[in-house]
Amino acid sequence: MSSEYEQNVAKLLFEKKQKMDLLLENPQKNKYEIQSLSNETETLKALFENYNLGMNVFRRAQGGRSHLRE
């Protein structure tokens with residue numbers, strides 16, 4: 001089960017990785033953009049991991065989500 005937040009962060013991360021792969025074909029020309037994308041990728045990874053760690057505690061709590069959907 002994943003939330004819209006998780007899906008959107010994962011989608012952004014995938015898009016940034018694809019763009020990074022394209023830029024790495026000519027690393028000398030795009031040094032600044034590669035560094036910027038690298039920082040964005042690390043930030044998105046951290047956001048995704050932190051959200052998952054926090055939500056795992058909530059999801060594992062007995063009945064943690066069951067009362068939200070009623």
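For the single chain, residues carry numbers from 1 onward in sequence order. What you see below is based on every heavy atom in this structure, not just the backbone, and it leaves out hydrogens, waters and symmetry mates.
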Visitor: Using the side chain to side chain contact (heavy atoms under 4.5 Å, CB included) criterion, which residues pair with Gln28? Sequence neighbours excluded.
Guide: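 Counting only residues at least two positions away or on another chain, Gln28 forms a side chain to side chain contact (heavy atoms under 4.5 Å, CB included) with Asn26, Lys31.
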Visitor: Donor-acceptor pairs are to be reported for all side-chain atoms of residues 40-50 against protein atoms at under 3.5 Å, with residues two or more places apart or in another chain.
Guide:
residue: Glu40; atom: OE1; partner: Lys16; partner atom: NZ; Å: 2.6
residue: Thr41; atom: OG1; partner: Leu37; partner atom: O; Å: 2.8
residue: Thr43; atom: OG1; partner: Asn39; partner atom: O; Å: 2.9
residue: Asn50; atom: ND2; partner: Ala46; partner atom: O; Å: 3.3

Visitor: For the CZ atom on Phe14, are there more than 12 heavy atoms of other groups (residues, nucleotides or ligands in this structure) within a distance under 6.0 Å?
Guide: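 No.
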Visitor: Indicate, with yes or no, if Leu13 and Tyr51 share a hydrophobic cluster defined by side-chain heavy-atom contacts under 4.5 Å among Ile, Leu, Val, Met, Phe, Trp and Tyr.
Guide: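 Same hydrophobic cluster.
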Visitor: Starting at CG of Asn30, measure out to CE of Met20 and round the result to the nearest 0.5 Å.
Guide: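 If we round to the nearest 0.5 Å, Asn30:CG and Met20:CE are 10.5 Å apart.
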Visitor: Tell me whether the count of non-hydrogen atoms from other residues, nucleotides or ligands lying under 6.0 Å of CD in Glu4 goes above 12.
Guide: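 Not buried by this count: 12 neighbours or fewer within 6.0 Å.
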Visitor: With ILVMFWY side chains joined below 4.5 Å, transitively, what does Leu22's cluster contain besides itself?
Guide: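 Under the 4.5 Å side-chain rule, Leu22 groups with nothing.
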Visitor: Drop me the distance from Ser38's OG to Leu23's CG, to the nearest 0.5 angstrom.
Guide: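 Result: 11.5 Å between the selected atoms.
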